[in-house]
Amino acid sequence: LRAYYDAHAEDFKPIRQAVVGRIALQYSTPEEKSRMKRLAESILRKLEEGSDFYMLAFFYSTWRQTSERGPAMFLFKNLKPDNDLFSRETNRYLFDVLPLRKASSILDEGNAFNLFIVENRDDRKGESFEEAQRKIRTQLEHRKREENRRRLRDEILKRAYVWPEDLFKT
């Protein structure tokens with residue numbers, strides 16, 4: 001059990017992350033800032049009336065995230081609370097204050113007005129070896145049972161007479 005715990009230490013570490021949607025309205029001049037502020041207020045009203053966050057993000061957001069699998073627009077998966085994308089205050093708001101699936105207020109962050117929605121939070125505490133023993137034992141027993149079932153099935157198939165011979169061939 002200890003060997004399994006040590007080999008899979010990552011599985012027992014604490015995890016704190018979230019899936020966060022973002023509408024960002026970037027600006028670079030005072031005039032643009034004023035226009036983007038009015039647009040953010042309009043978007044917030046639409047959200048309060050029940051409009052879909054991601055549809056509004058698609059039409060209005062001036063920011064899009066890309067990933068190695070192509071565009072992952074408007075969404076941060078596995079965002080950590082100590083990320084350097086947002087200020088400490090914004091991260092605290094996203095992880096500790098903003099309710100799930102509720103649009104945030106307008107946040108002015110750097111050179112953009114942001115609206116956020118937290119889709120999911122994963123806030124698991126770590127497990128010590130003593131706490132994880134039962135879970136590890138269950139996983140290892142399950143793995144052993146499945147291995148024995150596979151061996152039994154393979155042995156039965158070896159001894160079985162199947163006609164026509166190519167019935168199970170692919």
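For F53, there are no ring pair (Phe, Tyr, Trp, His ring centres under 6.0 Å) partners two or more places apart in sequence or in a different chain. The side-chain hydrogen bond (donor to acceptor under 3.5 Å, both in side chains) check on E10 picks up K13, with sequence neighbours excluded. In this structure Y93 satisfies the ring pair (Phe, Tyr, Trp, His ring centres under 6.0 Å) test with no other residue, sequence neighbours excluded. Listed by chain and number, the residues in a side-chain hydrogen bond (donor to acceptor under 3.5 Å, both in side chains) with N78 are Q17 (sequence neighbours excluded). Listed by chain and number, the residues in a side-chain contact (heavy atoms from CB on, under 4.5 Å) with D108 are Y27, K33, F113 (sequence neighbours excluded). The side-chain hydrogen bond (donor to acceptor under 3.5 Å, both in side chains) search around R38 returns S34, not counting sequence neighbours.
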Salt bridge (Lys or Arg N to Asp or Glu O under 4.0 Å) for E146 and R149? Distances and angles first, verdict last. CA-CA 5 Å; E146 288 302 313; R149 279 190 192 117; 2.4 Å; yes
Begin from the C-alpha positions of K46 and E49 and carry the test salt bridge (Lys or Arg N to Asp or Glu O under 4.0 Å) through to its verdict. CA-CA 5 Å; K46 289 179 183 188; E49 292 168 2; over 6 Å; no
Would T62 and M36 count as a side-chain contact (heavy atoms from CB on, under 4.5 Å) here? Give the steps. CA-CA 10 Å; T62 58; M36 290 300 175; 4.3 Å; yes
Between R2 and D6, does a salt bridge (Lys or Arg N to Asp or Glu O under 4.0 Å) hold up when you go through it step by step? CA-CA 6 Å; R2 175 56 92 170; D6 293 340; 3.8 Å; yes
Quick one: do L115 and I106 satisfy side-chain contact (heavy atoms from CB on, under 4.5 Å)? Show the steps, please. CA-CA 5 Å; L115 293 159; I106 300 166; 3.7 Å; yes
Just do the salt bridge (Lys or Arg N to Asp or Glu O under 4.0 Å) check on R143 and E147 with the steps written out, would you? CA-CA 6 Å; R143 187 181 297 163; E147 183 182 312; over 6 Å; no
Passes side-chain contact (heavy atoms from CB on, under 4.5 Å), N83 versus N91? Steps please. CA-CA 8 Å; N83 72 75; N91 284 324; 2.8 Å; yes
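Nearest heavy-atom pair, L98 versus S104, reported as atom, atom and distance to 0.1 Å: CD1-CA, 3.7 Å. Residues L94 and V118 share a closest heavy-atom pair of O-CG2, 3.6 Å. When all heavy atoms of S61 and A24 are compared, the closest pair comes out as OG-N, 3.1 Å. Here the closest non-hydrogen pair linking L47 and A103 is CD1-CB, 3.7 Å.
Checking side-chain atoms of S51 against main-chain N and O of L56 turns up no donor-acceptor pair under 3.5 Å. A distance-only check finds no donor-acceptor pair linking the side chain of D166 to the backbone of K169 [under 3.5 Å].
For R92, the CZ atom counts as loosely surrounded, since its 6.0 Å shell holds 12 or fewer non-hydrogen atoms of other residues, nucleotides or ligands.
Counting only residues at least two apart or on different chains, the ring pair (Phe, Tyr, Trp, His ring centres under 6.0 Å) pairs with a member in residues 125-156 are Y5-F129. Applying the salt bridge (charged side-chain N to carboxylate O under 4.0 Å, His left out) test to every pair with at least one member in residues 127-136, sequence neighbours left out, gives these pairs: K125-E131, E127-K135. Legend: salt bridge (charged side-chain N to carboxylate O under 4.0 Å, His left out) pairs involving residues 80-90, not counting sequence neighbours: none detected. Residue pairs that meet the side-chain hydrogen bond (donor to acceptor under 3.5 Å, both in side chains) test with at least one member in residues 109-122, sequence neighbours left out, are R22-N114, Y54-E119, S87-E109, T90-E109, D122-R124.
Two rings, from F12 and H8, have their centers 6.0 Å or more apart. No close placement of the F86 and F95 rings is indicated, their centers lying 6.0 Å or farther apart.
Rounded to the nearest 0.5 angstrom, E141 CD and I136 CD1 are separated by 12.0 Å. Here CZ of F74 is found 8.5 Å from CD1 of I23. Values are rounded to the nearest 0.5 Å. To the nearest 0.5 Å, the span separating CZ on R159 from CG on D154 amounts to 12.5 Å. With rounding to the nearest 0.5 angstrom, the CG atom of L44 is 11.5 Å from the CG atom of L39.
Within the hydrophobic cluster formed by Ile, Leu, Val, Met, Phe, Trp and Tyr side chains joined at under 4.5 Å, directly or through other members, L152 is accompanied by I156. When hydrophobic side chains of Ile, Leu, Val, Met, Phe, Trp and Tyr are connected at separations under 4.5 Å, I15 ends up as a singleton with no cluster partners.
Using a 4.0 Å cut-off between charged nitrogen and carboxylate oxygen, R45 and E41 do not count as a salt-bridge pair.
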